[in-house]
Every structure is written in structure tokens, then in C-alpha cells.
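Please read the structure below before turning to the comments.
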Amino acid sequence: MIGKYPAKLDEKNRLFVPAKLRAEMGDDFFVTVGINCGRSCLTIYTAKDWETLSQNYNALPISQRAGATSLLFSNAVECVPDKQFRFTLSQNLLTYAGIGRDVMIVGRAGQAEIWDVDAFNAFENENLTPEKLLASLEAIGL
């Protein structure tokens, strides 16, 4: 998943799935709490990636299945878009990420993130520098 997609929540906290992401997100997907560079956002996982995440979590010793790791699952919602390709976000997720009506859906390789538009713009302005981009490219082996 790649790209940035501005969107608006409707009065029922429904968000429209951008056409370019529909096939990649699939017929159902999962949304849960997320973080990027110390800022709150929401993360969208495909059903396949969610299954892998769940299997990895269940493979952990019981002593490591507590705390923050378990919060990924307890705050998650399974999303099945309606005929207009809208899905509903729970109020607790919106509150966690500080999301108002205007949002930005951002592709992040195998996942996507949902941000409050102002928070994303601040994040992008802070991190879109040649030095930080170079460090990021080096971190992924380029």
C-alpha cells in the first residue's frame, strides 16, 4: 500500500476506502492502535497480515502476552466495508489517535495508517528532510 489519501469521517464515524487501496485491503481488514515516530495513529492490517500477527502473538510465552502488546488486540476492530466502501471506526480508536473529521490515510508498504490530517501534516513537515530520508533508506538497506 502506497500513497496519501485525504478523507473525511461522516457523522456515523464511517470512512470511505480509497479506490486505489480497495484491492490491497481486501474484503475485510483490521484496524487498531498504532504509532509512528512517537505519534498516535491507527494501523490498518490486511486479514492475512492480521492472521500472521495473531499467530506470532500466540507463539509468545504467556508472560509476554500482557501489557502494551495485548492492547493491539483489545482495541482492534474487524472492518467489512459496506456497498459504498465505507467502514466504521470506533470512538475509542478515534480518541486514541486524536482523529477529528479530516483524516489522511497513508500507505505503509504492507499496512496503511489513519491519521488526523493536522497531526499527519505536522509529522510529515518534521520528517520530510533529506537527512531523515537518507537515514530511513539506509535503515531498509538502500
Side-chain angles (χ1 to χ4, degrees), residues 1-10 12-129 131-142:
M1 291 184 240
I2 61 172
K4 298 185 295 188
Y5 307 91
K8 285 189 181 290
L9 283 171
D10 70 12
K12 295 180 181 178
N13 292 336
R14 293 178 300 194
L15 192 57
F16 183 74
V17 178
K20 291 187 177 185
L21 294 179
R22 286 180 197 154
E24 293 178 84
M25 289 170 65
D27 294 333
D28 66 319
F29 49 88
F30 295 82
V31 178
T32 191
V33 293
I35 192 162
N36 192 330
C37 292
R39 295 184 189 213
S40 298
C41 61
L42 304 177
T43 301
I44 301 171
Y45 293 91
T46 64
K48 179 182 174 189
D49 284 346
W50 188 257
E51 180 63 28
T52 300
L53 188 67
S54 297
Q55 289 173 354
N56 292 346
Y57 176 77
N58 288 329
L60 290 171
I62 193 74
S63 62
Q64 293 180 9
R65 287 193 233 164
T69 306
S70 65
L71 295 175
L72 289 173
F73 296 94
S74 64
N75 285 287
V77 293
E78 184 173 8
C79 299
V80 179
D82 65 15
K83 291 179 183 179
Q84 287 80 38
F85 301 101
R86 298 172 301 188
F87 63 98
T88 302
L89 291 170
S90 64
Q91 188 59 51
N92 69 309
L93 288 175
L94 296 172
T95 300
Y96 166 81
I99 293 175
R101 290 286 173 221
D102 294 317
V103 302
M104 185 72 72
I105 301 172
V106 182
R108 192 183 77 184
Q111 291 90 35
E113 295 173 337
I114 303 170
W115 288 73
D116 176 80
V117 72
D118 292 333
F120 178 77
N121 289 337
F123 166 78
E124 187 173 52
N125 288 335
E126 180 182 313
N127 288 284
L128 195 54
T129 68
E131 298 80 17
K132 289 187 178 184
L133 288 173
L134 180 59
S136 294
L137 290 171
E138 289 173 346
I140 60 174
L142 294 179

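Considering every non-hydrogen atom in both Arg14 and Asp10, the closest pair reads NE-OD2, 2.6 Å. Of all heavy-atom pairs between Pro81 and Asp27, the closest is CD-O, 3.3 Å. Closest approach of Ile35 and Cys41 over heavy atoms only: N-SG, 3.9 Å. Closest approach of Phe30 and Thr46 over heavy atoms only: CD1-O, 4.5 Å. Looking at every heavy atom in both residues, Gly110 comes nearest to Asp49 through O-OD2, 3.1 Å. Nearest heavy-atom pair across Phe87 and Phe29 is CD2-CZ, 3.6 Å.
More than 12 non-hydrogen atoms from other residues, nucleotides or ligands lie less than 6.0 angstrom from CG of Asn58. Surrounding NZ of Lys20 are at most 12 heavy atoms belonging to other residues, nucleotides or ligands under 6.0 Å away.
Taking CG from Leu42 and CH2 from Trp115, the interatomic distance works out to 10.0 Å, rounded to the nearest 0.5 Å. Remark: Asp116 CG to Ser40 OG distance equals 11.0 Å, nearest 0.5 Å. In this structure, CG in Asp118 is found 10.0 Å from CE in Met104, a value given to the nearest 0.5 Å. For the atom pair Leu128 CG and Glu126 CD, the distance stands at 11.5 Å (nearest 0.5 Å). Put simply, OG1 on Thr32 and CD on Gln111 are 12.0 Å apart, with the number rounded to the nearest 0.5 Å. Distance CG/Leu89 to NZ/Lys12: 15.0 Å, rounded to 0.5 Å.
In this structure, the side chain of Tyr96 engages the main chain of Gly34 through a donor-acceptor pair within 3.5 Å.
For the pair Leu9 and Leu94, the minimum side-chain heavy-atom distance is below 4.5 Å. Here the side chains of Glu51 and Asn56 are not in contact, with every heavy-atom distance at 4.5 Å or above.
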Pair Arg39-Glu113, salt bridge (Lys or Arg N to Asp or Glu O under 4.0 Å): steps then yes or no: CA-CA 12 Å; Arg39 295 184 189 213; Glu113 295 173 337; over 6 Å; no
ring-ring contact (aromatic ring centres under 6.0 Å, His included) assessment of Phe73 paired with Trp50: CA-CA 10 Å; Phe73 296 94; Trp50 188 257; 5.1 Å; yes
Verdict with reasoning, Leu93 to Ile114, per side chain to side chain contact (heavy atoms under 4.5 Å, CB included): CA-CA 10 Å; Leu93 288 175; Ile114 303 170; over 6 Å; no
Leu15/Ile105 under side chain to side chain contact (heavy atoms under 4.5 Å, CB included): CA gap, chis, key distance, verdict: CA-CA 10 Å; Leu15 192 57; Ile105 301 172; 3.9 Å; yes
From CA spacing to verdict: side chain to side chain contact (heavy atoms under 4.5 Å, CB included), Val33, Thr43: CA-CA 6 Å; Val33 293; Thr43 301; over 6 Å; no
From CA spacing to verdict: side chain to side chain contact (heavy atoms under 4.5 Å, CB included), Glu131, Leu134: CA-CA 5 Å; Glu131 298 80 17; Leu134 180 59; 5.9 Å; no
